[in-house]
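Report on the structure given below.
Just follow the structure's listing: the first ligand is 1, and inside any ligand the first atom is 1.
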Amino acid sequence: MAMSPAKITSEQEDQMFRLLRQLDIAPDASQRVTAQAIGVSLGRLNALLKQATDAGLVNIEDRNGPDKRARHTYAITARGAGEKNRLTTQFLTRKLSEYNALHAELTGSTSGLTPISNRNSLMEHNLSPIPELYVSYDSAQKLKVEAGELVSHDLTPRQICDLELLMNGGFNPLKGFLTEADYDGVVDNMRLTTGELWPMPITLDVSEDFAASLEAGQDIALRDQEGVILATMTVTDNWTPNKAKEAEKVFGADDDAHPAVNYLHNQAGKVYLGGPVTGIQQPVHYDFRARRDTPNELRAYFRKMGWRKVVAFQTRNPLHRAHQELTFRAAREAQANLLIHPVVGLTKPGDVDHFTRVRCYEAVLDKYPQSTTAMSLLNLAMRMAGPREAVWHGLIRKNHGCTHFIVGRDHAGPGSNSAGEDFYGAYDAQDLFRAHQEEMGIEMVDFKHMVWVDERAQYEAIDEIEDKDKVTVLNISGTELRRRLAEGLEIPEWFSFPEVVKELRRTKPPRSKQGFTVFFTGFSGSGKSTIANALMVKLMEMGGRPVTLLDGDIVRKNLSSELGFSKEHRDLNIRRIGYVASEITKNGGIAICAPIAPYATTRRAVREDIEGFGAFIEVHVATSIEECERRDRKGLYKLAREGKIKEFTGISDPYDVPANPELSVETENVDVDNCAHQVILKLESMGLIAAE
Ligand code: PPS
């Protein structure tokens, strides 16, 4: 029978694979035993041995032992070991496709086995411990005492998240906050100076004053918000970054509508410090302690359970049925166990709080087959950086011992930019991940958008539905879900689990029962206080929720009596008002604020503080500066014109006109009662007040 050359080659390669494997196991065996073990004649064995020695795969060493028939040791060389690995993968891949073909012939369907790609690195990297930055317990006790003498930096909530993952190996290979050279490489092309892939700048941002007080090479102590020393850091680098460039390169646009760009410009310090970190202790968590695992704890768990392949699912949302279907499918496709790995550090402003989410996850966990699935909480501070974030998430999961990672539609998407368009394409994250997965050593399980097909009563990937025009395709977006929860509307069984819906309703009662904040802004004398007072009385007349008025003058008397009108002091004043209003909102009350609040970024920060707990209604009292000056009820404009009051808003200090307030009210030719009524109508239209 004539054989094709390809067939001869693969047979020869199989023989070489068998020979190398056999010599690896028994290098001292006699030729006869080796030939028998790999199923070839002695003549063929000799030809193969010659080929292997000529190619430098095997060394033949003389052995002057008593057994004359086994005079040689056939030792595999380093090159031979590499060739053996390559041939092993090739052999298994071919066997798998033969198996698939046979399976298809017998059953008319595919076997469902996944191809073996990058097999060696994938199968081993989740088994061994990963380097951490912690010192031993004894050294930590000593270091803690010494560190008490060092200059301290109080970490922000985001920096605490970053530090925890640096110290426990979640951010391996990073050994500290990025140096300037590493930062440049990461920003420009996602590479550290070592050439390793790292897509996200992990930086220690501080104030200019603090940075200026440090010397090169100085050790500092890093403390949490209660003052506990978590680590020390040797400050090797101290520089002022180009934040606009960082925004463009890392987040795709220098647009404050992106939460991380907003953080970069309006919250992060102006200067970055870089240098290695020495870990003393983990940040303390009082919540869900049993559900939090370091990378090494998860690796140990996988070893103990014998999980060689693990597919991780990242989420910042409660799990609904579509997510469960997707994770089931991913585990099946990758033939792997499943790790539900939700983020409980910082997520997108306005997300469901992690306490509620974890209770939801725990309710859903019972619905997964026992001992195939684990859930662990990840204290990551997300950046919502889409494609770069997906690669970052993949590297973090690899460090946590996972071999596969699920990337769905619009992974870690930040929503719309200031022009109302998406920052990233829906599948950009999958593309970037795919381009790097080989190097990352973690394989992507990609998913298109999953939707409910009513006629078949099941979830299907949108692009796989061939009869779209004949079936009813259903989907509830995140925004729609929030609306239904807010308005107390029905959430269908096909969408979520009753336990999850119950939990969400518990923490998110309908809007008409939630707290909210009405935030008036406008020039001095614009009528803010008068309208705010009228509104307060109307809301008190309706009853149901306590109402608190935080008027500009009242606050300045009771909360901010030591403050003046510099930008710094005004910001502090508004942040204080925001803090009190957020507490009132959180606890189900109504806060009415009426400061000038001249700066848009500060108003936005307050909005973010509050929107986690309830609605924020910005009302621009749009009385013109000319009209305010004409009224001049307190005589302050006159004094400002005379230069007797400095930094007076609208005269000698700026006012950012709100770009997108929920409501703008004119006060010229409109009476106060009418203005307050406009606010009431707005609140009604938002579902915040409703008939019992
Ligand atoms: S801010 O900018 O929001 O912190 O201002 P606010 O706390 O609302 O305080 C504004 C009231 O203080 C009086 N006042 C001044 N306003 C603006 N600029 C300067 N320099 C200034 N100095 C004193 C003024 O009466 C404001 O009262 P309202 O209630 O707005 O008329």
- Query: Does any donor atom in the side chain of T234 or D219 lie under 3.5 Å from an acceptor atom in the other side chain?
  - Reply: yes
- Message: For a quick check under 3.5 Å, do T240 and Y272 share a side-chain donor-acceptor pair by atom type?
- Response: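 Side chains of T240 and Y272: no pair found under 3.5 Å.
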At under 4.0 Å between heavy atoms, which part of [X] makes contact with ligand 1: side chain, backbone, both or neither?
X	answer
I574	side chain
L636	side chain
A594	neither
D553	side chain

Ligand 1 and [X], any nitrogen or oxygen pair closer than 3.5 angstrom?
X	answer
F565	no
P595	no
I596	yes

Report yes or no: is the cationic atom of [X] (NZ for Lys, CZ for Arg) closer than 6.0 Å to the six-membered ring centre of [Y], at no more than 45° off its axis?
X	Y	result
R603	Y655	yes
K586	F613	yes
K567	Y599	yes
R607	F519	no

- Task: If the plane angle is over 60° it's perpendicular, under 30° parallel, otherwise tilted; pick one for F210 and H153.
- Result: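 Tilted.
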- Which class fits the ring pair F288 and F355: parallel under 30°, tilted 30 to 60°, perpendicular over 60°?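 Because their plane-to-plane angle lies in the 30° to 60° range, the rings of F288 and F355 count as tilted.
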State the atoms of ligand 1, each with its element, that fall below the 4.0 Å cut-off from a heavy-atom position in [X].
X	result
K646	20 (N)
P598	2 (O), 3 (O)
T649	17 (C), 18 (N)
K528	30 (O)
G525	31 (O)

- Message: Just checking H677: does its NE2 atom have more than 12 heavy atoms from other residues, nucleotides or ligands closer to it than 6.0 angstrom?
- Response: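 No, the 6.0 Å shell around NE2 holds no more than 12 heavy atoms from other groups.
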- Option with minimal heavy-atom separation from atom 26 (C) of ligand 1, where the choices are S529, G650, A597, S524: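 Among S529, G650, A597, S524, the closest heavy atom to atom 26 (C) of ligand 1 comes from S524.
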- Please work out which of E647, K567, K634, R570 has its closest non-hydrogen atom nearest to atom 27 (O) of ligand 1. K634
- Message: Can you confirm whether or not the ring centre of F648 sits under 6.0 Å from the ring centre of Y637?
- Response: yes
- Query: Are the aromatic rings of F516 and F616 close, with centres under 6.0 Å apart?
  - Reply: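 No; F616 has its ring centre 6.0 Å or more from that of F516.
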Hey, does [X] sit under 4.0 Å from ligand 1 if you only count heavy atoms?
X	answer
H569	no
R633	no
N573	yes

- Message: For atom 9 (O) of ligand 1, what's the nearest protein heavy-atom neighbour? Residue, atom name and distance, please.
- Response: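 Ranking protein heavy atoms by distance from atom 9 (O) of ligand 1, first comes R556 NE, 3.3 Å.
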